[in-house]
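Contents: one structure, followed by commentary.
Residue numbering restarts at 1 for every chain, and letters A, B, ... go by the order of the sequence lines.
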There are 2 protein chains.
Amino acid sequence: MRTRRHRTHPGEALETIDNDELLSIRAAELYYDENKTQDEVGAILKLTRWKVGRLLASAKEKGFIRIEIVHPRARKLTLERTLRERFAIRDAIVVPAAGTNGADDLRARAAQAAADYLASLRPVPRTLGVSWGRTLHDVAEHLSDGWATGVNVVQINGGVSVNQRAGTAAATAFEIARKASGQATLLPSPAILERLETKRSIEADRTVGGVLSMAAEASAYLYSAGVAGHDSALVESGYLTPNDVDELVRRGAVGDVVGRYIDAAGMIVDPSLDERTVGLSLDTLRRASTSIAVIAGAGKIAVARAVVTSGLCTVLVTDEATALALLDSDA
Amino acid sequence: MRTRRHRTHPGEALETIDNDELLSIRAAELYYDENKTQDEVGAILKLTRWKVGRLLASAKEKGFIRIEIVHPRARKLTLERTLRERFAIRDAIVVPAAGTNGADDLRARAAQAAADYLASLRPVPRTLGVSWGRTLHDVAEHLSDGWATGVNVVQINGGVSVNQRAGTAAATAFEIARKASGQATLLPSPAILERLETKRSIEADRTVGGVLSMAAEASAYLYSAGVAGHDSALVESGYLTPNDVDELVRRGAVGDVVGRYIDAAGMIVDPSLDERTVGLSLDTLRRASTSIAVIAGAGKIAVARAVVTSGLCTVLVTDEATALALLDSDA
DNA sequence: GCCCTTTCTGCTCATATGAGCAGACGAGCG
DNA sequence: CGCTCGTCTGCTCATATGAGCAGAAAGGGC
């Protein structure tokens, strides 16, 4: 490591600085770019083939040789491994950012990857709890027909939109269920209620209560997270005003998970608001044996960090840039 | 190619679109990112190892697997080959652009590569004709002591600066010669003279004439090219005014080679100016068996194209971006 | 200058990979 | 329905590559 070889034959023409490194680059060029055999490289550089092999190995080790798989469906296994280790999550799926045309494309890739992951889940979940939103909708679309058989899908948070086309949340759940030849169970409740009493009584309702307990016992969960901003689905659906969100942000909110706003530590930001939010509690989510969070896109780094550091998911599906940001900024 | 396999077992869950492609990506991930053996990959993906091998081969062929050598001293052999073929030059040296911090860095890389190339030239030139300028100065600096022995260096164009520190052109030649334990022969003449008569008589001078004929018989040449702009060395040295250059540009000049302005076709732009320019003629340069042009940097694409298309060099040293530009825009 | 320790070199041998081939399979056609 | 053709599969065999080892060389302390 600290050995910088001194030249014994000062007559020779060569650079004082590490000669082997340069040789290893030349060898790599011939080997990889010109696909010569190590033997041929040796002949050209006047080295034995073993030396060439070692040079190549050292070039790889020092990171001079980068092998990249360029394909929209490729994944970043190295990042995935690092994420798994760093955040102690069961699995991580990272899609490449290279060559994406805008945020939509990136979301589509992540959705595709999430769909693939879901389809490959073993054991196949009997009941799958899902949230809703743009990301979940994308995932539903990317699932292939027959991705599983007999999976029942249950909504885990309220979502009958109050002033938008009501179908979107329901359609997501239905589509996921249909493609797995299963049943969809909707949670027939607003996401957030104005008064605590209303929330209590709606929960007490047989239908709603039944769905909630089914949701609590799902064998796996699939959800996304929203950014705490004015374009949040909860704002667009009219559950919260932009001002409400501003106030939440002031109090440390980074985003929402199944309708519940959390801070960087994954704690509920506003308990009284949370009390009025219908759906799975975050604690239930944390106890789940399989909970897949699909969080991709430039704006979602903060929520993503909150989710992975506070144990809200066992599996994270994200994009390369977000993954790098997660790994980067906390030493 | 046109075969899109129809599924024989419609019960299976899979995407309609080319399944093998996706498999080859998964295989590549396991093979390259996780460095598993093809056998292991086969075990994971439930394929025979031969199938994995074929998948990998097809992924390579389709360009999904990119192997890059990341190092300042690396070269772009593939680009070099293409350049050689496209422009029918003997050799091309292309340095990578990745990771360069500004134009200086890029120039330094090209200079380094040119120095390396020069040092590896066989047979070693007995006499080397050189031009001068910032690029040549860089090359001289990057040459290592003892890059050759007994190489005599001769200036091929006038360069005793009229109003700058006079040393720069001379120093370049001296340094190249010193590092090869050889003699430097300067061309003691201005680059451009105001009157044709003066130029004729200076050429008739024994000293100057002798240097010029030595230059014409050099066994190899090393030169760079300047952009036709106000920051050209010829302007800075006071041989031309910015207005002169504007006029040359108006008449189609793209840059200068050994002090002579050429257009995109490699033709002399202003014959009367050229008549007053002291140094090797471009025709002599074109007849040379070895002439190395070092032309790198964003602004130099046009000159570089003129040089390679008009046969001014047998060897081009350039950077990746310029190389791509050269290959790109002419079909 | 001499000896000890560390690194480097060229090897043998085991393993991984690629070329090429015969049979299997499926598609299209009479 | 059966035939032929082209493609794909799994194989054998040759080659390329990596692991591990013994001797050589180099560096450092005394």
Side-chain angles (χ1 to χ4, degrees), chain A residues 1-12 14-69 77-78, chain B residues 1-12 14-69 77-78:
Chain A
M1 192 101 316
R2 81 251 103 85
T3 325
R4 182 132 292 174
R5 209 118 104 284
H6 294 192
R7 297 305 308 181
T8 359
H9 315 292
E12 272 179 30
L14 34 76
E15 18 285 306
T16 52
I17 46 144
D18 204 345
N19 204 29
D20 262 21
E21 181 169 314
L22 194 46
L23 262 182
S24 73
I25 297 303
R26 296 288 158 250
E29 286 166 354
L30 293 166
Y31 188 70
Y32 290 106
D33 283 353
E34 305 281 76
N35 38 150
K36 306 215 177 280
T37 139
Q38 297 189 1
D39 230 352
E40 293 173 302
V41 174
I44 293 170
L45 301 178
K46 322 262 184 220
L47 300 167
T48 62
R49 91 188 151 76
W50 298 285
K51 178 75 179 168
V52 174
R54 285 178 186 127
L55 249 20
L56 251 19
S58 92
K60 264 190 205 157
E61 200 174 340
K62 291 185 196 156
F64 296 150
I65 294 166
R66 170 177 297 161
I67 301 185
E68 204 182 348
I69 301 165
L77 299 190
T78 314
Chain B
M1 193 97 318
R2 81 250 101 85
T3 327
R4 183 130 291 174
R5 213 121 104 282
H6 294 192
R7 296 305 309 182
T8 0
H9 314 292
E12 272 178 33
L14 35 75
E15 19 284 307
T16 51
I17 46 145
D18 202 347
N19 203 32
D20 262 20
E21 182 168 313
L22 194 47
L23 262 183
S24 72
I25 296 302
R26 297 287 158 250
E29 287 166 352
L30 293 166
Y31 187 70
Y32 290 107
D33 284 353
E34 304 282 74
N35 38 165
K36 305 214 176 282
T37 141
Q38 297 189 3
D39 231 352
E40 293 172 304
V41 174
I44 293 170
L45 300 178
K46 321 260 184 225
L47 301 167
T48 63
R49 91 189 151 77
W50 296 284
K51 177 76 179 167
V52 174
R54 285 176 186 126
L55 249 20
L56 251 19
S58 92
K60 263 189 205 159
E61 200 172 342
K62 291 185 195 157
F64 296 149
I65 294 166
R66 169 177 298 160
I67 300 185
E68 204 182 346
I69 301 166
L77 265 29
T78 315

- Find the distance A:L56:CG to D:dG18:P and express it as a whole number of Å. 7 Å
- Task: Can you tell me the distance, in whole Å, between the NZ atom of A:K60 and the P atom of D:dA19?
- Result: 9 Å
- Query: Is B:R54 side chain donor-acceptor paired with the D:dG10 base, going by distance under 3.5 Å alone?
  - Reply: yes
- Task: Let me know the distance between OH of A:Y32 and P of D:dA16, rounded to the nearest Å.
- Result: 16 Å
- At under 4.0 Å, does any side-chain N or O of B:T37 touch on OP1 or OP2 of C:dT17? yes
- Take atom CG of A:L55 and atom P of C:dC8, then tell me their distance rounded to the nearest Å. 12 Å
- Query: Between C:dG10, D:dG10, C:dG18, which one does the side chain of B:R49 approach most closely?
  - Reply: C:dG18
- Query: Taking CG from A:D39 and P from D:dG18, how many angstroms apart are they, rounded to a whole number?
  - Reply: 12 Å
- Note on the structure: Ranking B:T48 and A:K36 by the position along DNA chain D of their nearest nucleotide, the one closer to 5' is B:T48
- Task: Report the distance from atom CG of A:D20 to atom P of D:dA26, rounded to the nearest whole Å.
- Result: 14 Å
- Non-hydrogen side-chain atoms of B:D20 and B:L23 separated by less than 4.5 Å: yes
- Any B:L56 side-chain heavy atom under 4.5 Å of B:K60 side chain: no
- Phosphate OP1/OP2 of D:dT17 contacted by A:Y31 side-chain N/O (<4.0 Å): yes
- Message: Measuring only between side-chain heavy atoms, which start at C-beta, is A:L45 closer than 4.5 Å to A:L55?
- Response: no
- Enter the distance from A:I69:CD1 to B:I67:CD1 here, rounded to the nearest 0.5 Å. 10.0 Å
- Task: Take atom CH2 of A:W50 and atom P of D:dA16, then tell me their distance rounded to the nearest Å.
- Result: 13 Å
- Item | Evaluation steps, side-chain contact (heavy atoms from CB on, under 4.5 Å), between B:E40 and B:E34 | CA-CA 11 Å; B:E40 293 172 304; B:E34 304 282 74; over 6 Å; no
- Looking at A:Q38, does any N or O in its side chain come under 4.0 Å of the phosphate oxygens OP1/OP2 on D:dT15? no
- Message: What is the distance, to the nearest angstrom, from the CD atom on B:E40 to the P atom on C:dT17?
- Response: 9 Å
